[in-house]
Amino acid sequence: MKVLVINCGSSSLKYQLIDSESENVLAKGIVERIGMDGSILTHKPAGKDKVEIKTPMEDHNIAVKLVIDALVNKDHGVINDLSEIGAVGHRVVHGGEKFNKAVLITDEVKKDIEALSALAPLHNPANLIGINACEKNMPGVPQAAIFDTAFHQTMPAPAYMYGLPYEYYEKYKVRRYGFHGTSHDYVSARTAEILGKKREDLKIVVCHLGNGASISAVKNGKCVDTSMGLTPLEGLIMGTRSGDLDPAILSYIGEKENLSAAEVNNVLNKKSGVFGLSGGVSSDFRDLNAAANEGNDKARLALDTYYYRVAKYIAGYAVALQGIDVISFTAGVGENDFGVRENVCKLLAFMGVKIDDEKNKIRGEEITISTPDSAITVMVVPTNEELAIARQTIALL
Ligand code: ADP
């Protein structure tokens, strides 16, 4: 069966068509600037050149229709007929406490996703628009929702509660949810598989370090803690997001800079992280490394602060897991930036972490980078959220 995986944003839509038997990606692409000037679909069929289709796209319905047209197109298509798509798997950001696993989409599920928009106002409404657009264009094809938060629902209360008046949890569901769950689930499962062990027998720390970054502690196959919180702002220092800080800073900066709460929130999400800390050099680690190597002190400071935060979280998760067997690095930075892995592991040397510098130079491949005598196994395990979504969609059928 062929599964169409959809990750829908407010003005973009990423897709992959995956063959569930071979698990090969038949085509992938992205639609950008939906509902704006300059809408564009970039479609990449496997083994062929990419195609750019520039045409006005008033809404997501039109975008989905164009994606389907591209998939069945005589020249750059990969299937003969729409009927070959057996199911659609949607990435949905917030499943709240309601969803602890993927589900097939019904009217009831759509209502729940909508109700959870209060917790993810930028994401859930966009995800729902994608679901509706696919339903309209592919009537009768089963659709599944795979939630970013679901894998973290096994956290115990002490890991997910904040030190706030309990009534905020009762009234507004203020608690830690965690995100990137599909990736943490996939990478922890793959880590165990590569090691030839059962995930149920391991204590794994997964470091998902991309533009957005989060860490999770996975014990006996279940998530017991994770660094992102009510929203994806908490935890690690990210590309442009601050991660953890003293909550009193919000009102202090608001007063000093004459900013509203929403404006401060915007600074924390879009102008902070390594981008802000480096004085605006970049949120991209390639640029930061280059700048630091050329003697830019703020870029160096941003990198050093980033390493320190990651290492501190990993060590903290030794408490969550009561020991650590494996640390797995994944996502854009985790898979590619050997300097991040090297420097984080150096800070963990006191725990007996030792890596092989030569092996660590490898990028984007599954590999064990720790030495045989390291107290903790350290690995690089590239994530594959789309494949994980396709697999979960098939499992639901
Ligand atoms: P997203 O959160 O958008 O999915 P990714 O996981 O794709 O992010 O990570 C993107 C980031 O990965 C880039 O911003 C960049 O910092 C980092 N990255 C990608 N390639 C490299 C590389 N070769 N060296 C260092 N960092 C890299």
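Numbering of ligands and ligand atoms starts at 1, following listing order.
Residues D19 and S22 bring a donor and an acceptor atom of their side chains to less than 3.5 Å of each other.
Between Y162 and Y169, the gap from one ring centroid to the other reaches at least 6.0 Å. If you look at H76 and H43, their ring centroids are closer than 6.0 Å. Here the two rings, on F179 and H94, have centers that are under 6.0 Å apart.
No cation-pi contact links R309 to Y306, judged by a cut-off of 6.0 Å to the six-membered ring centre and 45° from its axis.
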Between ligand 1 and the protein, which N/O pairs fall short of 3.5 Å?
| from | atom 1 | to | atom 2 | distance (Å) |
| --- | --- | --- | --- | --- |
| ligand 1 | 2 (O) | N211 | N | 3.1 |
| ligand 1 | 2 (O) | G212 | N | 3.4 |
| ligand 1 | 3 (O) | N211 | ND2 | 3.3 |
| ligand 1 | 6 (O) | G332 | N | 2.9 |
| ligand 1 | 8 (O) | N211 | N | 3.1 |
| ligand 1 | 12 (O) | V333 | N | 3.4 |
| ligand 1 | 14 (O) | N211 | OD1 | 3.3 |
| ligand 1 | 16 (O) | F285 | N | 2.8 |
| ligand 1 | 20 (N) | R286 | NH1 | 3.4 |

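The hydrophobic cluster containing L202 also contains V206, counting ILVMFWY residues as joined when their side-chain heavy atoms lie under 4.5 angstrom apart, directly or transitively.
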